[in-house]
Trainee: 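The structure that follows is given in the form of structure tokens.
Just so it is clear, the values below take in all heavy atoms, side chains as well, and ignore hydrogens, waters and symmetry mates. Computed from a predicted structure; not experimentally measured. Throughout, a chain's letter reflects where its sequence line sits, starting with A, and its residues are numbered from 1.
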2 protein chains.
Amino acid sequence: MKLTTIYDVAKKTGFSITTVSRALNNYPDVNEKTKKKILEAVEEMGYFPNSIARSLTTKKSFTFGVIFVENLGVGIKHPFFSGVIEGFKIRAEKFGYDLIFLNRYIGNEEKSYIDHANYRGVDGIIVVCSNYEDPEVVKLIESPLPSVVIDIHSNKTNVIYSNNCYGGELVIDHLYSLGHRKIAHIAGFDDTYTGQERLKGYKLGLEKYSLGINESYIVNGGYFSYEGGYQAMNELLKLEELPTAVFVSGDSMAFGAIKAIKNAGLRVPDDISIVGFDDIELAQHITPALTTIRQDADLMGKKAADLLINHINNKEEGFSAVMLPVELIKRESTKKISVTQ
Amino acid sequence: MKLTTIYDVAKKTGFSITTVSRALNNYPDVNEKTKKKILEAVEEMGYFPNSIARSLTTKKSFTFGVIFVENLGVGIKHPFFSGVIEGFKIRAEKFGYDLIFLNRYIGNEEKSYIDHANYRGVDGIIVVCSNYEDPEVVKLIESPLPSVVIDIHSNKTNVIYSNNCYGGELVIDHLYSLGHRKIAHIAGFDDTYTGQERLKGYKLGLEKYSLGINESYIVNGGYFSYEGGYQAMNELLKLEELPTAVFVSGDSMAFGAIKAIKNAGLRVPDDISIVGFDDIELAQHITPALTTIRQDADLMGKKAADLLINHINNKEEGFSAVMLPVELIKRESTKKISVTQ
DNA sequence: CTGAAAGCGCTTACAG
DNA sequence: CTGAAAGCGCTTACAG
């Protein structure tokens, strides 16, 4: 399959490849007639410049690398991250950037993400990850490669995240207003920024209502997985004084927690109210439909693309950190109770 | 960020770039000592060849394009296709191929998928789509670009799909064994291969048990969406003689159908049994958990990668068509009834 | 076993 | 307004 090149167009029109290139790239000083003739030939021949050759000379590939570091082992199927990637993709494509997935291998050789990014010559990367102590992620953040990182706070690169802390507070507001006073928290692993912030919001909320913090009511659910939530809830269920409500730091974890409650012969929300975080697709379909904090994955992806593109276009400036608003979505997993304590 | 090139390695080791290149690419006739020296320098300098420059000379980019043509508007978040892509990605990466998303735009210019594929110089494409009458998809299939297409039957390219027809038969077997005789079908749009085959399986199943085909029991649910299933079920609910069971040609459609049934004040499975197709993640979590036909998305993706890679490596040979087995997953949306008719 | 040279398909100073 | 030439970073005949 021999593709037509700029040489073919030059030969056909009688102009040099230089002029053809200029006509194609909208250089101002090309004679209108010349340009017209060239563009017609281009149209007729179905010619389109080869991005690889162009990249080699311009040092711009108009590709973004996407780097996934997720602990669920689901890759692209991740219920929250996939929405972020989709939003990022839509926006990036609008600016002519295509997405290319980057892993830690090049062929069969194990390399760093940075090596892979350089190998492919991407203009920037989006890193979508939960664990910001992963040394590979740290290297990424500190590298000179333009990047935007999701769910992390850092001043060494562009970052974007939801207002996780405030989300936690909203949960407590909601539960408190329903009469709950014994509120537990299944936390995300504390080396994740989101886990930390949601926990912080939980504590701020409790303080606001002078509820006091009961350390046995805070249990670590790990990396936001169903199993982690299941196990953490089982810990809580061993307590003498059960909580009446649990704020779970992620929706999948919340589903696991609900499962544990059902297994123990208790009901949601009749015996224990549950609130999640994320508002993934499943949250509205499960029974009971999950009350949760909605993050706008699509917007996060789009804003991430904007950050990255702006960063690339304004080399001089520093880094941006963007925080997105969150919203409480009331569904069926929380219930009003009479205030006991 | 100036990257090290093959010239830097050549200068450092005192050999020519030719020799460095050969050492790197495991050419047989390079002196062992030379090779060792070069590889050490490469290691020390953190050098890795630039894929763009390499692609320009070799005409191989070691990238695959992924083309999504889906009618739900969810893109990468598609509950079934995302699993196929993930499997494809895993396998492709093992062979050194990276994935790049292709759309119908290059920058802001509307182009064909083929133009975009050529622009990026991908070595092959996977097309994941449901509608095989889309002219863009037809062009793709007929183009000389190596490709593998999901959910389509064709002898003009490599294709892979589940045994949709047999899946339909399995559904009827199951429903018949539960005592159902009045079985309706919400079909996928008939310009989709999967829709056609599942319908065929439905009919074969009915014939097998001499149930006869009632045309008013077959209603078109469109492109497998929730809304389509919802509307189609409403059509069925207008019938004088309601079916006792409905085989719905996709899980999302089935959820829509269940919603319609609930809205009508009926229950699943007590009044009407429902069987879906796909076994997407949600199917097991929804209430009632959905009885459905499982397709192995991961395997489909992996086999698709194998087909594409084999095709590229053995230019002479023709095209392959692979059919994957399916499996009935019994859950809570189907129920035994007493045989009436 | 090693190197000089050509070439992949573009873009971009530079010159006119 | 247009073209010849160099160069991007590699690989691969070809020659020795």
Trainee: Under 4.0 Å, heavy atoms only, any strand: does B/Asp29 hit a base, just the sugar-phosphate, or nothing?
Mentor: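 Base contact - B/Asp29 has a heavy atom under 4.0 Å of at least one base atom.
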Trainee: Go through B/Lys60 and B/Tyr97 one step at a time and tell me if the side-chain hydrogen bond (donor to acceptor under 3.5 Å, both in side chains) criterion holds.
Mentor: CA-CA 10 Å; B/Lys60 278 216 53 153; B/Tyr97 290 90; 2.8 Å; yes
Trainee: B/Asn31 CG to C/dG3 P: how many Å, rounded?
Mentor: 11 Å
Trainee: Are any non-hydrogen side-chain atoms of B/Phe15 and B/Arg22 less than 4.5 angstrom apart?
Mentor: no
Trainee: Please list all pairs passing the salt bridge (Lys or Arg N to Asp or Glu O under 4.0 Å) test where one or both residues lie in residues 5-21 of chain B, with sequence neighbours left out.
Mentor: B/Lys12-B/Glu44
Trainee: Taking atom CD1 of A/Ile67 and atom CD1 of A/Ile125, what is their separation to the nearest 0.5 Å?
Mentor: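 That separation rounds to 4.0 Å.
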Trainee: Are any of the side-chain nitrogens in B/Asp298 or B/Lys302 under 4.0 Å away from the carboxylate oxygens of its partner?
Mentor: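 Answer for the salt bridge query: yes.
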Trainee: Using a cut-off of 4.0 Å between protein heavy atoms and nucleotide atoms, how would you tag nucleotides 10-16 of chain D 5' to 3' with B, S and -?
Mentor: BBBB---
Trainee: Answer yes or no: is there a donor N or O on one side and an acceptor on the other, between the side chain of A/Thr157 and the main chain of A/Ser147, under 3.5 Å?
Mentor: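 Checking the backbone N and O of A/Ser147 against the side chain of A/Thr157, a donor-acceptor pair under 3.5 Å is found.
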Trainee: How about B/Thr5 and B/Asn50: do any of their side-chain heavy atoms sit closer than 4.5 Å?
Mentor: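 B/Thr5 does not reach B/Asn50 side chain to side chain.
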Trainee: Measure centre to centre between the rings of A/Phe88 and A/Phe64, then say whether the value is under 6.0 Å.
Mentor: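 Yes, close enough.
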Trainee: Going by number, which of residues 33-42 of chain B have a non-hydrogen atom under 4.0 Å from DNA chain C?
Mentor: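 Hits under 4.0 Å, by residue number: B/Thr34.
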Trainee: Show every salt bridge (Lys or Arg N to Asp or Glu O under 4.0 Å) that has at least one partner inside residues 134-149 of chain B, sequence neighbours left out.
Mentor: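 Listed once each, the pairs are B/Arg104-B/Glu136, B/Glu136-B/Lys139, B/Glu142-B/Lys156.
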Trainee: Between the side chains of A/Lys36 and A/Glu40, is the shortest nitrogen-to-carboxylate-oxygen separation below 4.0 Å, so that they form an ion pair?
Mentor: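 A salt bridge is present here (some side-chain N lies under 4.0 Å from a carboxylate O).
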Trainee: Check the angle between the aromatic planes of B/Phe189 and B/Tyr223 and answer parallel, tilted or perpendicular using the 30° and 60° thresholds.
Mentor: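 Because their plane-to-plane angle lies in the 30° to 60° range, the rings of B/Phe189 and B/Tyr223 count as tilted.
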Trainee: Does A/Thr19 have a side-chain nitrogen or oxygen under 4.0 Å from the phosphate oxygens OP1 or OP2 of D/dG3?
Mentor: yes
Trainee: For B/Pro28 and for B/Lys59, locate the closest nucleotide of DNA chain C by heavy-atom distance; then report the residue assigned to the nucleotide nearer the 5' terminus.
Mentor: B/Pro28
Trainee: If you only use heavy atoms from C-beta on, which nucleotide in D/dT2, D/dC8, C/dT2 is closest to the side chain of A/Leu56?
Mentor: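 Comparing D/dT2, D/dC8, C/dT2 against the side chain of A/Leu56, the answer is D/dC8.
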Trainee: Let's see if you get this right: which residues in residues 96-105 of chain B place a heavy atom under 4.0 Å from DNA chain C?
Mentor: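 Listed by number, there are none.
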Trainee: Any idea how B/His153 and B/Tyr161 line up, ring-wise: parallel (<30°), tilted (30 to 60°), or perpendicular (>60°)?
Mentor: perpendicular
Trainee: Can you tell me the distance, in whole Å, between the CD atom of B/Glu32 and the P atom of C/dT2?
Mentor: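 So the two atoms are 10 Å apart, to the nearest Å.
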Trainee: Quick one: does B/Val148's side chain get under 4.5 Å of B/His311's, heavy atoms only?
Mentor: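 Counting from C-beta outward, B/Val148 and B/His311 never come under 4.5 Å.
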Trainee: Map every base of DNA chain D to its dot-bracket character, where paired means a Watson-Crick or G-U wobble contact with both distances under 3.5 Å and | marks a partner outside the strand.
Mentor: |||.||||||||.|||
